[in-house]
Amino acid sequence: MSDFGTVLESGTRLLRGLPRRRAHVAQARREAAAWAAGHPGVQAQLVVDERPGTPVVDFDLLLEHPEGGTVALTAQADDGVPWLIDHSTHWAAGQLVTVDEVHLSVAQALTMIRSLSRRDTTPHDEIVDQCLILNEIAADDGPVPGEELQAAADEFRRGRGLHDRASTLAWLAEMGMTPEQFEDYIGGIARRRSFRRRKEAELGPARLAARPGDFDRVRAVWITGPERAVTGAVAELAVLGDKGTAALAELDGEIETVIAERFAVDLPAVLADAAPGAVAGPVPHGGGFLAGVVLDRTAARQDERTLAAAGRAAFTEWLAGRRREATVEWHWS
């Protein structure tokens, strides 16, 4: 038997011995990784198909052929289900995107979208971000603490106006989800939330120490609107100072005014480093223009609120870095 034939035989034994329960996927990945380390020449990759509505998972083993191309090895366990029925749809048929080691189906993506809430990014980027987090928590297959599950479920229901059992059950029926599927879904949200909290707490102190000015507390006022209107109002901003906002009351009706105290990193970029009293802008902003003035700036303090803000900023930057480095393949056809 050729060397590659020996690898195929060994890979088949590996697949037949892997645990096929969703709760043991991390164990299966570890066994496959150990096998791959023993066969470095074929660049082995384990593909996991987590089928909706069942705790059973399937595996494919992708191997690089010595003469080029990829061989997909599948070994179906004898579980009493006819092969023709069990594999009438192959794992790849409904795949939407692959991000590093995570393969996301269309059904899983549609379910995931129900919990996405960020408005500062595209759905494509946010789905990729969630896949990156799934990569990070893949080995965490332990039970989710009850209080974390409850907090995730409460937040999800509040966000959709599901304030009682009847409205929640009606929503589940509309979405075609069973209570058990909803519990699994909320468990996924809770795991991702827990990972984010841990990562923010890990990264926050270093982020604050690196650029403390980003977390100065800044009181500022800024205006947005058409270029003509914003440019004409800059003079009013220049004399605003600490005398209040009465001077803004007569501004062009096309202008929107915001007065707020925020961390510098959360301000419009043109105001983040501005000195008190100096007018910044006008600059292009969201299809219009923005100008503003910093009223007051207090140096960053290393307190709980500031560390939390630093953690959020650091996590966003870490995730953006992972997205740039990730191998992302959209399966549009």
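FYI, side chains are in, hydrogens and waters are out, and symmetry mates aren't considered; it's all heavy atoms of this structure. Everything quoted here is computed from the prediction, not taken from an experiment.
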(Q) Is there a path of hydrophobic side-chain contacts, each under 4.5 Å between heavy atoms of I/L/V/M/F/W/Y residues, joining Val71 to Val7? (A) yes
Q. Is there a side-chain contact (heavy atoms from CB on, under 4.5 Å) between Asp214 and Phe263 once you walk through the steps?
A. CA-CA 7 Å; Asp214 287 350; Phe263 289 108; over 6 Å; no
Q. What heavy-atom pair brings Gly213 and Ala264 nearest, and what distance separates the two atoms?
A. O-CB, 3.5 Å
Q. Among all residues two or more places apart in sequence or in another chain, which pass the side chain to side chain donor-acceptor pair (under 3.5 Å) test with Asp164?
A. Ser167
Q. Is it true that atom CD of Glu147 has more than 12 heavy atoms of other residues, nucleotides or ligands lying nearer than 6.0 Å?
A. yes
**Q.** For the student: nearest non-hydrogen atoms of Leu149 and Gly187, plus distance
**A.** CD2-CA, 3.5 Å
**Q.** side-chain contact (heavy atoms from CB on, under 4.5 Å) assessment of Phe4 paired with Glu67
**A.** CA-CA 10 Å; Phe4 190 69; Glu67 298 177 3; over 6 Å; no
Q | Hydrophobic cluster identity match, Leu46 and Trp35, side-chain contacts under 4.5 Å | A | yes
Q. Any salt bridge between Glu317 and Arg211, counting N to O under 4.0 Å?
A. yes
**Q.** Ionic contact status for Glu148 with Arg197, cut-off 4.0 Å
**A.** yes
Q | Cluster link Leu132 to Leu203, ILVMFWY, side chain under 4.5 Å | A | yes
Q. Has the side chain of Ser10 got a donor or acceptor atom that lies under 3.5 Å from a matching backbone atom of Thr6?
A. no
(Q) Quick check: closest heavy atoms across Thr231 and Pro282, and the distance to 0.1 Å? (A) OG1-CG, 3.8 Å
Q | Non-hydrogen atoms of Glu31 and Gly17 that approach each other most closely | A | OE1-O, 4.4 Å
Q. Who are the side chain to side chain donor-acceptor pair (under 3.5 Å) partners of Glu202, not counting sequence neighbours?
A. none
Q: Ignoring hydrogens and angles, state whether a donor on the side chain of Arg312 or Thr316 is under 3.5 Å from an acceptor on the partner side chain.
A: no
Q) Taking it one step at a time, do Arg196 and Ile133 satisfy side-chain contact (heavy atoms from CB on, under 4.5 Å)? A) CA-CA 8 Å; Arg196 176 166 188 149; Ile133 294 174; 5.6 Å; no
Q | Arg217: side chain to side chain donor-acceptor pair (under 3.5 Å) partners, not counting sequence neighbours | A | Asp303, Thr306
**Q.** Whether Arg297 side chain and Ala274 backbone form a donor-acceptor pair below 3.5 Å
**A.** yes
Q.
If you define the side chain from C-beta out and look only at heavy atoms, does anything of Arg262 sit under 4.5 Å from Val218?
A. no
Q. When hydrophobic residues are tied together by side-chain contacts of less than 4.5 Å, even through go-betweens, does Val221 share a cluster with Leu271?
A. no
Q | Atom of Pro276, atom of Leu295 and distance for their closest heavy-atom approach | A | CB-O, 4.2 Å
Q: Kindly determine whether Val230 and Glu227 satisfy side-chain contact (heavy atoms from CB on, under 4.5 Å), including the steps that lead there.
A: CA-CA 5 Å; Val230 171; Glu227 182 178 13; over 6 Å; no
Q. Between Arg192, Arg191, Arg198, which is the residue that forms a side-chain hydrogen bond (donor to acceptor under 3.5 Å, both in side chains) with Ser194?
A. Arg198
Q.
Check for me, please, whether Val258 and Val293 land in the same ILVMFWY cluster - side-chain distances under 4.5 Å, paths through other members count.
A. no
Q: Classify the angle between the aromatic ring planes of Phe156 and Tyr185 as parallel (below 30°), tilted (30 to 60°) or perpendicular (above 60°).
A: perpendicular
**Q.** Basic-acidic side-chain contact under 4.0 Å: Glu136, Lys199
**A.** no
